[in-house]
Amino acid sequence: MCKRNMRLAAMVVGCILFSGCSQNSAEAKYDDTSPCSRDIFAMDTYMNLKVYGTNADKALSEAEERILTLEKELSVTSDTSDIYKLNDASGEPVQICDDAAFLIERSKEFGLTTSGCLDITVFPVLREWGFTTGEYSLPDKKRISELLEYVGFDRIQINDNTVQLPENVQIDLGAVTKGYTGDEVINILRSYNIKSGIISLGGNVQALGTKPDGKDWKVAVRDPFKTDTDMCIVEIADKAVITSGNYERFFIGEDGKRYCHIIDPKDGFPADNGFVSVTVIGENGLTCDALSTAVFVAGEEGAQEIIKSFPGYDFVIVSDKEKVFYTDGLTGHFQNTSTMDAEVMTFD
Ligand code: ADP
Ligand code: MG
């Protein structure tokens with residue numbers, strides 16, 4: 001069952017407090033009171049970009065083009081993408097574009113800093129569970145252990161733009177693409193001297209500056225236990241708010257269990273380590289995206305270590321016991337709007 005679009009709806013409603021763009025007049029000026037807004041469907045998700053100031057329209061056109069380029073380059077399913085070519089290369093080296101090379105390089109680093117919780121080579125396992133096609137099935141354990149032989153980010157050889165994967169090793173940048181895309185969009189907006197804007201890429205929110213009135217943006221985070229319901233609001237400026245959760249894309253197996261699209265590279269099973277959603281708040285969208293997936297995988301046992309090694313980043317975690325934990329940096333910028341208890345995380 002695909003929950004992706006429902007998630008977007010809730011988060012966008014929560015974060016964007018203004019009505020649509022007054023783009024219909026040819027002479028419209030996008031100033032502090034009338035934003036220019038654009039809806040895009042790309043990367044298998046709905047996106048909304050909302051921007052204030054002169055040049056907003058031009059900036060949005062360039063941003064949209066960039067999103068479509070990144071989709072073409074990075075999609076794991078489209079046979080024209082660099083990632084597809086790489087996965088199809090049967091062990092041969094492949095020349096790839098700068099974006100793909102950068103993301104592979106960074107993902108390898110995140111593999112190291114998250115003790116292997118983020119591992120972009122998990123793709124063959126993800127496919128076996130049916131997450132690439134929607135034809136879900138519970139693979140047998142023997143098949144999973146066979147496929148785990150090909151999982152391990154340290155097997156990716158990368159030298160500038162040349163990448164080589166051993167035979168049967170395949171990668172997927174789904175865990176980091178939207179965060180990076182958000183960073184790229186924000187950079188484009190900045191290059192047009194835009195000072196205020198907010199974007200939602202499938203529920204991942206990134207803010208440029210503050211609201212035009214100088215106040216922080218209020219971004220709502222979805223309640224993982226309730227359909228179309230927010231659980232908290234975080235107040236941010238110039239930051240990303242990126243969530244990974246087990247309610248985004250999942251299926252219910254014949255055994256009645258929920259299996260989500262984030263795979264634990266240690267055992268090849270959908271991660272089920274005590275967390276149902278992990279939200280990361282910080283300046284760099286790519287880092288937030290990588291960490292939301294990684295901390296979701298790390299779960300109760302491994303989260304602390306990762307969180308401590310990224311002091312500039314804040315986290316909101318919902319446990320499967322229906323409790324909310326958030327890092328101290330959010331105090332004063334965090335509002336619990338759920339019926340769950342929320343408390344500041346403490347570390348050993
Ligand atoms: P979303 O894309 O829904 O926002 P995530 O950022 O958490 O959620 O990314 C999940 C995607 O990352 C999966 O759909 C899959 O493509 C990929 N993936 C799943 N497990 C892992 C993992 N352990 N490491 C790296 N990528 C993963
Ligand atoms: Mg992610």
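For ligands, and for the atoms within them, numbers begin at 1 and follow the listed sequence.
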| Criterion side-chain contact (heavy atoms from CB on, under 4.5 Å) against Tyr136, the qualifying member of Phe250, Phe251, Tyr259 |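 In the set Phe250, Phe251, Tyr259, the residue that makes a side-chain contact (heavy atoms from CB on, under 4.5 Å) with Tyr136 is Phe251.
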| said: We want to know whether Thr327 and Asp314 form a side-chain donor-acceptor pair, criterion being a heavy-atom distance below 3.5 angstrom. | reply: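 Per modelled atom types, Thr327 and Asp314 side chains form a pair under 3.5 Å.
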| Side chains of Arg38 and Ser61: do they bring a donor and an acceptor to under 3.5 Å? |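 Short answer, yes.
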| task | Check whether any side-chain heavy atom of Cys260 sits under 4.5 Å from a side-chain heavy atom of Phe296, and report yes or no. | result |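 Yes, at least one pair of side-chain atoms sits under 4.5 Å.
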| task | Report the C-alpha separation of Lys85 and Asn87 in whole Å, then their side-chain angles, then the decisive distance to 0.1 Å, and conclude whether the side-chain hydrogen bond (donor to acceptor under 3.5 Å, both in side chains) test is met. | result | CA-CA 5 Å; Lys85 282 181 203 147; Asn87 286 342; over 6 Å; no
Sub-4.0 Å atoms of ligand 1 with respect to non-hydrogen atoms of [X]:
{"X": "Pro265", "result": "23 (N)"}
{"X": "Asp172", "result": "15 (C), 16 (O), 17 (C)"}
{"X": "Arg249", "result": "14 (O)"}
{"X": "Ser244", "result": "5 (P), 6 (O), 7 (O)"}
{"X": "Glu248", "result": "3 (O), 8 (O)"}

Got an N/O contact under 3.5 Å between [X] and ligand 1?
{"X": "Val297", "result": "no"}
{"X": "Cys117", "result": "yes"}
{"X": "Leu118", "result": "no"}
{"X": "Asp119", "result": "yes"}

[Y]/[X] salt bridge by N-O under 4.0 Å criterion:
{"X": "Arg106", "Y": "Asp289", "value": "no"}
{"X": "Asp272", "Y": "Lys257", "value": "yes"}
{"X": "Lys308", "Y": "Asp348", "value": "no"}

| said: So, taking the atom named OG in Ser37 and the one named CG in Leu49, what distance separates them when rounded to the nearest 0.5 Å? | reply: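 Ser37 atom OG to Leu49 atom CG measures 7.5 Å (nearest 0.5 Å).
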Is the contact between [X] and ligand 1 made by the side chain, the backbone, both, or neither, using heavy atoms and a 4.0 Å cut-off?
{"X": "Ser107", "answer": "neither"}
{"X": "His261", "answer": "both"}
{"X": "Leu126", "answer": "side chain"}
{"X": "Ile262", "answer": "both"}

Which of the listed options, [options], holds the heavy atom that is closest to [atom]?
{"atom": "atom 27 (C) of ligand 1", "options": "Val176, Asp44, Asp289, Val122", "answer": "Val122"}
{"atom": "atom 11 (C) of ligand 1", "options": "Gly174, Cys260, Ala290, Gly179", "answer": "Gly174"}
{"atom": "atom 4 (O) of ligand 1", "options": "Met43, Arg127, Lys178, Lys266", "answer": "Lys178"}

| ring pair (Phe, Tyr, Trp, His ring centres under 6.0 Å) contacts in which one or both residues fall within residues 326-348, not counting sequence neighbours |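 Residue pairs passing ring pair (Phe, Tyr, Trp, His ring centres under 6.0 Å), neighbours aside: Tyr326-Phe334.
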| field | Listed once per pair and sorted, the ring pair (Phe, Tyr, Trp, His ring centres under 6.0 Å) pairs that draw on residues 154-187, sequence neighbours left out | value |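 As it turns out, the ring pair (Phe, Tyr, Trp, His ring centres under 6.0 Å) pairs with a partner in residues 154-187, which skip direct neighbours, are Phe102-Tyr180.
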| said: If hydrophobic clusters are built from ILVMFWY residues whose side chains come within less than 4.5 Å, do Ile198 and Ile242 share one? | reply: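 No, it is not one cluster - the side chains of Ile198 and Ile242 are not joined through contacts under 4.5 Å.
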| said: Starting from Val221, can I reach Met340 by hopping between I/L/V/M/F/W/Y residues whose side chains sit under 4.5 Å apart? | reply: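 Linked, Met340 and Val221 end up in one cluster.
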| message | Considering the Mg ion (ligand 2), could you give the total of protein N/O/S atoms lying closer than 2.8 Å? | response |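 There are 4 of them.
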| said: Just to verify, what does Lys142 make a salt bridge (charged side-chain N to carboxylate O under 4.0 Å, His left out) with, not counting sequence neighbours? | reply: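 Testing Lys142 for salt bridge (charged side-chain N to carboxylate O under 4.0 Å, His left out), a comparison that skips the adjacent residues, returns Glu146.
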